[in-house]
Amino acid sequence: MPLAWTVIVALLLLFGGARGEAARTDGADGRDERLPPTNRPTVEAAFPRESYASGDLARLVIWTRGAHVSLQLFRAGTETENVKARDVMLGTAVTPLRRLGTVAHGRVIRVRIGDWPSGLYFARLLGAGGEVGYAPFVLRPRRLGEAPVAVVFSTMTWQAYNFHDDDRNGTLDTRYAGAPHARLGRPFENRGVIPHYKHYEQPFVRWLVASGRAVDYLADADLDAPSTTGRRLANAYRLIVFPGHHEYVTQHELDAVTAYRNRGGHLIFLSANNFFWRTVKQGQVLTRTQRWRRVHRPEAALIGVQYFGNDRGQHQGPWVVADAPAAEWIFAGTGLVPGSSFGRGGIEADATTSSSPRGTQVVARIPNIFGKGRDAEMTYYELQNGAKVFAAGAFTLAEGVQSPQVERMIENLWSRLADDLT
């Protein structure tokens, strides 16, 4: 094991269960953080941009040497099986195999983005000696609103939790290993696979593709674009879904999503600890500055709940349905009634606060997840302007969609918020 990872693992094992301020408030997702990289043979490469549109000529930058390398692009989510390994992505090929031969650090491969459906895509590189590398990107729509629903990937949070050693100096380039910044446009460790992909994005994207739902897939960069305003989002989408751990957001992204909600737009958050860190993007460099709640922008005012704890998965448990008016239709057809339990959540948890919008309902909770009276709360609220907002309150319904009860629950939410069946 590399020395840097030996130190990181030792510290996490020593302090991972701490209940102090750092353990509670850093927003660290500990599902895979304790694990060293798989270190299987790879050809590293990355796309500089978070998203592309059909017709774009994308640049794929090579980061390591490789011999007899070939390249092929795939659409993720079309596969019929779960990903089991942390360093594997599956999907359907959308381009023929392209022979690159020998590659070296800094080489740029031009890749034409085809006329494919909006979605999550990746380049797969194969090299001699069993080398495999993945370079994911989001294929956004040519214009916002091609579909009535947007699904936003947490592309900045992906990079914040990327423990890749960019310059090979033995220091992992993430704030969670002491680096002051994180960078976009770099390979992910574990052969380039998005952190926690098999738990968050893959199950939910598979469900979307299999169910034939029409959605536009967006990256953080698309919500951070100056032209993306709350008015524009409200004109384009009935519903915006945040399936993953959406911890890092810029002021523009927060402003745009809040303005969208204030214009009657609907939101679904399927994980926890969302919109936590105020993030400044300067070129490819991401810097987290402070918690949004510290600058009078508490997450609960938008989401309904906000982050309060993280024990890195030591204590997980089922949600228990509460006796709330919205629970009746959210859990319709699931066989669940007040007091019934379903699913399994934890790792990080959210709860209501005094900043939660008036009328916010707790529709389910994971009781005492981090100690007596410290419940993870699943919530729903409506505003007078018609906005409807749902939040899971713990990690993660995006993975839970594989169970019939959670699937039916998300279908109910989709019908009420996306199809606007009230």
Side-chain angles (χ1 to χ4, degrees), residues 41-78 87-144 146 153 155-156 158-159 162 164 166-168 173 182-194 197 201 205 216-222 224-225 227 281-286:
T42 186
V43 181
E44 291 190 335
F47 289 98
R49 296 182 184 176
E50 298 166 60
S51 72
Y52 297 89
S54 292
D56 285 350
L57 186 61
R59 297 169 62 249
L60 178 64
V61 181
I62 303 296
W63 281 59
T64 56
R65 287 187 58 83
H68 306 291
V69 175
S70 62
L71 166 68
Q72 195 167 22
L73 266 60
F74 290 77
R75 181 187 180 191
T78 58
D87 58 1
V88 171
M89 295 186 74
L90 300 175
T92 301
V94 294
T95 65
L97 197 68
R98 178 178 170 185
R99 306 288 181 182
L100 303 179
T102 299
V103 299
H105 176 77
R107 180 176 171 182
V108 175
I109 311 298
R110 303 286 179 175
V111 178
R112 179 69 66 183
I113 307 300
D115 187 17
W116 310 317
S118 179
L120 181 63
Y121 288 76
F122 61 91
R124 187 183 72 183
L125 296 103
L126 303 178
E131 293 176 333
V132 181
Y134 303 96
F137 65 93
V138 179
L139 178 54
R140 64 179 184 267
R142 286 192 174 93
R143 59 174 180 80
L144 297 182
E146 290 186 5
F153 291 118
T155 46
M156 290 199 304
W158 292 351
Q159 287 292 3
N162 183 4
H164 187 265
D166 298 345
D167 51 13
R168 307 286 178 179
D173 292 284
R183 297 187 67 90
L184 298 166
R186 60 198 180 114
F188 298 108
E189 62 171 356
N190 296 324
R191 288 182 160 177
V193 175
I194 299 161
Y197 173 69
E201 288 78 22
V205 173
D216 286 348
Y217 293 83
L218 305 175
D220 278 321
D222 302 314
D224 190 49
S227 61
K281 183 192 296 186
Q282 294 177 305
Q284 294 289 84
V285 178
L286 300 177

Kindly compute the distance separating [atom1] ([X]) from [atom2] ([Y]), expressed to the nearest 0.5 Å.
X	Y	atom1	atom2	result
S54	R112	OG	CZ	11.0 Å
R59	R110	CZ	CZ	5.5 Å
I109	L60	CD1	CG	6.5 Å
D220	E50	CG	CD	6.0 Å
T92	R75	OG1	CZ	8.0 Å
F47	I113	CZ	CD1	5.5 Å

Which side-chain N or O atoms in residues 115-138 pair as donor and acceptor under 3.5 Å with protein atoms at least two apart or in another chain?
{"from": "S118", "atom 1": "OG", "to": "L139", "atom 2": "O", "distance (Å)": "2.7"}
{"from": "S118", "atom 1": "OG", "to": "Y217", "atom 2": "N", "distance (Å)": "2.9"}
{"from": "Y121", "atom 1": "OH", "to": "P117", "atom 2": "O", "distance (Å)": "2.6"}

Partner of R186 under side chain to side chain donor-acceptor pair (under 3.5 Å), chosen from Q159, E44, Q284
Q159

Whether the side chain of N162 engages the backbone of H164 through a donor-acceptor N/O pair (distance < 3.5 Å, no angle test) should be reported.
yes

Should we say atom CZ of R107 is surrounded by more than 12 heavy atoms from elsewhere, each under 6.0 Å from it?
yes

Heavy-atom pair with the smallest gap, counting every atom of [X] and [Y]:
X	Y	value
A221	T155	N-OG1, 4.3 Å
R65	A104	NH1-CB, 3.8 Å
A45	P187	O-CB, 3.8 Å

Any side-chain heavy atom of K281 within less than 4.5 Å of one from L184?
yes

